Amino acid sequence: MTGRFLRLGTPVRFLAAGALNTAFGLAFYPLLLWAVPGFRTHYLVALGVAQIVCLCFAFATYKLGVFRTRGDLLREFGTFSSFYAANYAANWAALPLLVELGGVPPAIAQVGFTLVLVIGSWFWHSRVTFRARGEG
């Protein structure tokens, strides 16, 4: 199974890893709330823990399963994390603009933003985060 997955093209592995990361992210937070009763009261702390764990999980799937680089781990993780930090901020700015000024329903606006995020993620991670050594 793993060997078959690794023989797929990079774009297909990228989409598969994105689906896995999405499923993991959707499941992890409720499981964390269920498994650690103290987090039911301190749900924002649980959210922070879940975001850190999910970020690390996503980094591992992209690094090891999609791009399979042997580059500088700390540089790649910093670049990877900065992409998501910038996108969280952009999402907080774009969503109210689309909903309040554009009149787009919130769910549709968020789906549209997510599609832009997926495309941007592909270009950022393939050309910046996990670029081959010696390339620009």
Side-chain angles (χ1 to χ4, degrees):
M1 179 72 176
T2 302
R4 192 177 294 165
F5 176 78
L6 293 176
R7 285 192 293 275
L8 296 172
T10 304
V12 175
R13 290 194 314 265
F14 179 80
L15 291 174
L20 175 65
N21 291 334
T22 300
F24 183 80
L26 289 173
F28 189 80
Y29 183 68
L31 285 174
L32 189 61
L33 293 176
W34 174 77
V36 183
F39 281 155
R40 293 178 196 148
T41 303
H42 304 288
Y43 59 90
L44 289 177
V45 174
L47 180 62
V49 170
Q51 288 177 332
I52 291 168
V53 170
C54 291
L55 182 71
C56 292
F57 182 81
F59 177 75
T61 60
Y62 286 129
K63 179 170 178 59
L64 302 175
V66 177
F67 297 103
R68 296 184 281 171
T69 61
R70 296 177 190 258
D72 181 350
L73 183 68
L74 292 178
R75 183 202 62 80
E76 288 178 346
F77 186 74
T79 306
F80 185 85
S81 300
S82 69
F83 175 81
Y84 288 99
N87 276 290
Y88 292 148
N91 197 174
W92 279 88
L95 191 59
L97 291 174
L98 291 169
V99 172
E100 302 299 330
L101 298 178
V104 179
I108 301 296
Q110 188 59 28
V111 168
F113 187 86
T114 300
L115 291 175
V116 172
L117 174 66
V118 168
I119 294 167
S121 175
W122 164 255
F123 285 107
W124 180 262
H125 294 319
S126 65
R127 288 170 171 72
V128 178
T129 303
F130 299 110
R131 75 178 180 274
R133 293 185 117 186
E135 291 183 11

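Counting begins at 1 with the first residue of the sequence. The model shown is predicted, which means the values in this text are computed figures rather than measured ones.
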*Is L117 linked to I108 within one hydrophobic cluster, defined over Ile, Leu, Val, Met, Phe, Trp and Tyr using a side-chain heavy-atom separation of less than 4.5 Å?*
no

_V12 with L20, same ILVMFWY side-chain cluster at under 4.5 Å_ = no

*Can you hop from V118 to V66 via hydrophobic side chains spaced under 4.5 Å?*
yes

*Anything under 30° is parallel, anything over 60° is perpendicular, the rest tilted; go ahead and classify F130 against F80.*
tilted

*Test ring-ring contact (aromatic ring centres under 6.0 Å, His included) applied to F113 - qualifying residues, sequence neighbours left out*: none

_Side-chain (R75) to main-chain (T129) donor-acceptor, under 3.5 angstrom_ = yes

_Listed once per pair and sorted, the side-chain hydrogen bond (donor to acceptor under 3.5 Å, both in side chains) pairs that draw on residues 92-111, sequence neighbours left out_ = N91-Q110

Could you go through residues 35-59 and list every donor-acceptor pair under 3.5 Å that involves a side-chain atom there, pairing it with any protein atom two or more places apart or in another chain?
unit_1: R40; atom_1: NE; unit_2: L33; atom_2: O; d: 2.9
unit_1: R40; atom_1: NH2; unit_2: W34; atom_2: O; d: 2.7

*Residues two or more places apart in sequence or in another chain: which of them pass side-chain contact (heavy atoms from CB on, under 4.5 Å) with S82?*
W124

_Pairwise side-chain hydrogen bond (donor to acceptor under 3.5 Å, both in side chains) hits with a residue in residues 21-32, at least two apart_ = N21-T61

*Group every Ile, Leu, Val, Met, Phe, Trp and Tyr by side-chain heavy-atom contacts under 4.5 Å, then state whether F123 and L115 land in the same group.*
no

*Which is it for F24 and L31 under the side chain to side chain contact (heavy atoms under 4.5 Å, CB included) test, yes or no, and what are the steps along the way?*
CA-CA 10 Å; F24 183 80; L31 285 174; over 6 Å; no

*asked:* Can you confirm whether R127 sits close enough to W122 that some side-chain heavy atom of one is under 4.5 Å from a side-chain heavy atom of the other?
replied: yes

*Please list all pairs passing the salt bridge (charged side-chain N to carboxylate O under 4.0 Å, His left out) test where one or both residues lie in residues 76-98, with sequence neighbours left out.*
K63-E76

*Identify, with sequence neighbours excluded, every residue that meets side-chain contact (heavy atoms from CB on, under 4.5 Å) alongside Y88.*
Y84

*Identify the two heavy atoms, one from A17 and one from Y62, that lie closest to each other, and give their separation to 0.1 Å.*
CB-CE2, 3.8 Å

_So, taking the atom named CD1 in I119 and the one named OG1 in T114, what distance separates them when rounded to the nearest 0.5 Å?_
11.0 Å

*asked:* For the backbone of G65 and the side chain of R13, can you confirm whether one donor and one acceptor N or O come within less than 3.5 Å of each other?
replied: yes

_Which residues pass the side-chain contact (heavy atoms from CB on, under 4.5 Å) test with V99, not counting sequence neighbours?_
L95, P106, A109

*When rounded to the nearest 0.5 angstrom, what is the spacing between OG1 in T10 and CZ in F14?*
11.0 Å

